[in-house]
Amino acid sequence: MVVSPVLQVCDLQVSFMMQKRAYPVLRELSYNLLPGRILAVVGESGSGKTVHALSLLGLLPPAAHVSRGKILYRDTDLLTMPRARLRDVRGSKISMIFQDPSASLNPVLTVGEQLIETLRAHKPMSKQQAREEAVRLLEKVGIADAPARLSAYPFEFSGGMCQRVMIAMALALSPDILIADEPTTALDVTIQAQILHLIRELQQKEKMAVIFITHNLALASEIADEVLVLYGGLCMEQAPAKDLFEDPHHPYTKGLLASLVSMDRRVERLPAIAGQPPMAGEITKGCPFASRCPQAQEKCRQQLPPLTQQGIRMVRCFEEKTL
Amino acid sequence: MVRYIIRRLLLLPLVILGVTFLLFFLTQRLSPEMRASLYVKDPRQMGALEEVIRQYGLRDNVFKQYGRWLGQVVRGDLGYSPSANMPVAKAIKEYLPATVQLALVTMILVVLFGVWFGVFSAVHKDKWPDTIARFVSVGGFSLPIFVLGLLLLMLFYGKLGWFAPGGYSFQTDLIVHGPSFKMYTGFLLIDALLNGNMRVFMDVLSHLVLPAVTLCIGSFALMVRVMRSSMLEELGKDYVRTARAKGLAEWQVVYKHAGKNAIIPVITLASIQFIRLLGGTVIVETIFDYPGIGRFGVMAAQQLDIAGILGFSLMVAVLFVVGNLVSDILYTAVDPRIRLD
């Protein structure tokens with residue numbers, strides 16, 4: 001049986017306007033997201049991963065816009081959808097959690113109010129019904145003493161608890177897709193594990209698809225079914241998580257994996273990829289990774305390698321991996 | 001919270017002691033003869049001057065004189081104001097309501113339009129509504145109140161004859177001080193409504209228009225600026241993005257989410273401006289011959305009416321302290337992160 005994807009991104013390009021010139025920060029991005037699967041989008045700062053996430057729900061800052069492509073949610077293009085329809089999708093079919101949970105909640109509204117308004121924005125229900133539902137949601141994300149916590153303000157919560165509230169809010173209407181933009185980056189390591197575990201657990205219970213955006217490759221390996229590696233606004237490699245980690249094809253992915261610090265290996269110096277990543281919007285003629293790539297040839301600097309299918313994975317490199 | 005208010009109110013006498021002593025000390029720079037001269041009307045009776053000085057002990061030690069004045073104030077006696085021809089306490093009671101009325105109408109206009117204009121301007125940043133708002137706010141900010149006041153008076157009274165200066169018309173004066181009109185609060189607008197006299201109400205209101213508009217312009221300009229920048233800052237914050245991501249309608253995102261945060265600095269500004277208006281609409285009241293407390297203060301100062309000056313300053317000091325307290329309490333109502341204790 002063929003499962004149809006819940007989200008299809010086709011040839012997405014996002015550009016920033018600066019002094020009347022468009023600088024693309026994300027190019028040629030295409031992927032399919034299957035229901036109930038976790039896709040990790042991995043990349044360093046400026047790789048376009050957050051811009052990609054924001055573009056999915058039309059939340060890009062005013063200076064940025066989608067300059068090409070399609071984002072199909074169940075065969076409807078989110079980009080050409082009327083604003084009112086898009087609002088119905090936001091928060092109810094596709095919802096999102098962010099990097100800094102404490103800043104992502106409104107400081108002057110109670111946690112309960114913020115949950116209740118989300119529910120009531122999409123479902124006709126009384127205040128009382130919404131309250132009860134909000135309590136249930138807070139309990140679901142593991143917040144103790146939920147009825148009393150409804151009237152608390154975000155500043156009375158820790159970062160981890162704020163992220164739990166954000167997750168409760170995101171899951172309030174049982175969405176098909178959860179976009180998690182670096183949801184654990186601002187949290188302590190122990191809390192990170194808890195939140196990760198919570199997302200995983202709820203994802204399996206609710207059977208929703210997750211787009212998990214992170215700069216942390218180890219984290220991606222733990223949580224994802226499929227990993228997409230972004231560099232300089234381009235997809236470098238996309239593969240099932242297991243294959244990618246066990247056998248990376250792209251030199252950049254290899255470099256990233258080599259830089260992971262392992263507990264059972266002592267090293268004198270932390271391994272790192274030499275050189276600097278390109279600035280967002282900086283377009284070179286060839287492969288953006290060419291200047292740092294150990295295997296780069298003249299060809300790599302002259303033209304952009306296409307994304308090609310190599311077995312079950314997609315790789316953007318001229319160097320075909322020989323087995 | 002209650003304890004905080006009590007503590008702040010206990011501080012009130014201290015502040016007032018400081019302010020009044022400073023002023024009292026300053027008035028002592030004037031010679032006893034100068035301070036007494038207002039009480040002797042006839043230049044041929046200069047001999048009486050020495051009599052007044054002796055009677056009120058104007059040559060005594062500063063502290064002794066201050067203590068005497070303070071003792072009276074504590075008993076509710078602010079002295080007699082020759083410039084107003086009535087006791088100072090009565091003058092304040094007579095003139096303050098008109099000023100409060102003016103300040104309130106002004107502030108309501110300023111806050112309503114200022115906040116709305118500021119939000120509008122921020123939401124349409126760099127588009128034409130924003131350009132207009134910025135132009136108006138810079139223009140309003142740089143136009144001196146006395147120029148604007150005189151221009152308005154010239155146009156709307158001189159040319160069009162719509163809004164007369166003064167506090168009310170002659171006919172209203174007769175009605176208000178007549179036997180059938182009952183003074184409940186001293187605020188003519190309210191009293192007119194309570195008496196069911198719409199003619200008085202409209203008359204008083206029409207006399208408020210020009211001074212209120214004149215006072216508005218400067219405060220309005222400031223309010224738009226503060227609201228605009230505060231709103232722009234809030235609209236760029238993460239929680240606004242969350243609100244949009246939740247699928248809320250744009251008006252909810254703007255007013256409920258960003259607006260509630262952006263209004264916080266406006267509250268301080270509005271309360272400071274309101275208090276300032278209460279104590280210092282001096283120029284506007286003078287231009288429009290408006291019978292308010294500011295005009296009383298100017299009169300007292302011009303005529304070296306020491307009791308009047310001290311009474312006026314005492315009133316302003318009390319208003320400032322109480323007003324700041326009220327604005328602090330208002331803060332806690334909008335911003336839950338602020339707790340008073």
Side-chain angles (χ1 to χ4, degrees), chain A residues 50 53-54 56-63 83-111 113-123 151-156 162 165-166 168-170 172-173 175 178-179 181 186, chain B residues 1 115 119-131 227-228 230-268 328-341:
Chain A
T50 295
L54 293 176
L56 297 181
L57 279 179
L59 295 171
L60 288 170
R83 289 204 76 80
R85 287 265 330 270
L86 182 61
R87 270 206 300 274
D88 291 338
V89 172
R90 286 175 179 173
S92 85
K93 306 278 183 249
I94 306 177
S95 52
M96 191 159 177
I97 57 176
F98 301 94
Q99 178 166 0
D100 187 349
S102 316
S104 296
L105 289 167
N106 192 327
V108 302
L109 298 176
T110 61
V111 165
E113 172 60 27
Q114 298 187 55
L115 270 165
I116 289 168
E117 71 175 357
T118 314
L119 288 164
R120 279 164 58 99
H122 296 288
K123 248 193 209 166
S151 48
Y153 288 92
F155 74 93
E156 296 167 301
C162 282
V165 172
M166 287 296 292
M169 223 151 71
L173 294 130
L178 172 71
I179 305 169
D181 184 9
Chain B
M1 175 89 156
V115 165
V119 171
F120 192 66
S121 178
V123 170
H124 300 276
K125 183 172 181 280
D126 295 333
K127 307 222 173 69
W128 63 266
D130 185 33
T131 314
M227 191 65 201
R228 177 180 180 273
S230 171
M231 195 70 189
L232 279 178
E233 195 187 319
E234 294 303 328
L235 281 174
K237 289 202 174 157
D238 285 357
Y239 68 83
V240 169
R241 192 177 57 188
T242 309
R244 291 212 173 97
K246 292 199 296 191
L248 298 185
E250 192 59 22
W251 66 266
Q252 271 182 310
V253 175
V254 170
Y255 287 97
K256 185 173 170 186
H257 280 264
K260 208 173 167 208
N261 283 283
I263 202 90
I264 295 170
V266 170
I267 289 176
T268 345
D328 282 355
I329 294 168
L330 266 181
Y331 250 156
T332 62
V334 233
D335 192 341
R337 285 164 297 183
I338 297 174
R339 295 271 156 88
L340 302 178
D341 45 33

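Any value given below was found using the heavy atoms of this structure, including those in side chains, with hydrogens, waters and symmetry copies removed. Each chain gets a letter, A, B and so on, in the order its sequence line appears, and its residues count up from 1.
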Nearest heavy-atom neighbours spanning A/Ala121 and B/Gly247
CB-O, 4.3 Å
Rounded to the nearest 0.5 angstrom, the OG1-CE distance for B/Thr242 and A/Met96 is 9.0 Å
Counting C-beta onward and ignoring hydrogens, is there a side-chain heavy-atom pair between B/Arg337 and A/Tyr153 closer than 4.5 Å?
no
Would a distance-only check, ignoring hydrogens and angles, find a side-chain to backbone donor-acceptor pair under 3.5 Å from A/Asn106 to B/His257?
yes
Looking at B/Asp335, B/Asn261, B/Ile264, which makes the most heavy-atom pairs under 4.5 Å with chain A?
B/Asn261
Select one option (side chain, backbone, both, neither) describing which atoms of A/Leu109 are under 4.5 Å from chain B's heavy atoms.
side chain
Could you tell me which portion of B/Val334 (side chain, backbone, both or neither) has an atom closer than 4.5 angstrom to a non-hydrogen atom of chain A?
backbone
B/Pro336 and A/Pro107: which non-hydrogen atoms are nearest, and at how many Å?
CG-O, 3.7 Å
Option in A/Asp100, A/Leu86, A/Leu105 with maximal non-hydrogen atom pairs under 4.5 Å from chain B
A/Leu105
If you count every heavy atom of other residues, nucleotides or ligands that lies below 6.0 Å from B/Lys260 atom NZ, does the total exceed 12?
yes
Do the charged groups of A/Arg87 and B/Glu250 touch, with an N to O distance under 4.0 Å?
no
Is the side chain of A/Ser104 donor-acceptor paired with the backbone N or O of B/Tyr239 at a distance under 3.5 Å, no angle test?
no
When heavy-atom pairs shorter than 4.5 Å are enumerated against chain B, which of A/Met169, A/Glu117, A/Glu156 gives the highest number?
A/Glu117
Contacting region of B/Ala243 [heavy-atom separation from chain A under 4.5 Å]:
neither
Could you tell me whether the side chain of A/Arg90 reaches within less than 4.5 Å of the side chain of B/Lys246, counting heavy atoms only?
no
Among A/Leu57, A/Thr118, A/Ile97, single out the residue with the greatest number of heavy-atom pairs under 4.5 Å to chain B.
A/Thr118
Let me know if A/Gln114 has heavy atoms under 4.5 Å from chain B in its side chain, its backbone, both or neither.
both
Atom CE of A/Met166 and atom CG of B/Asp238: how far apart are they, to the nearest 0.5 Å?
9.0 Å
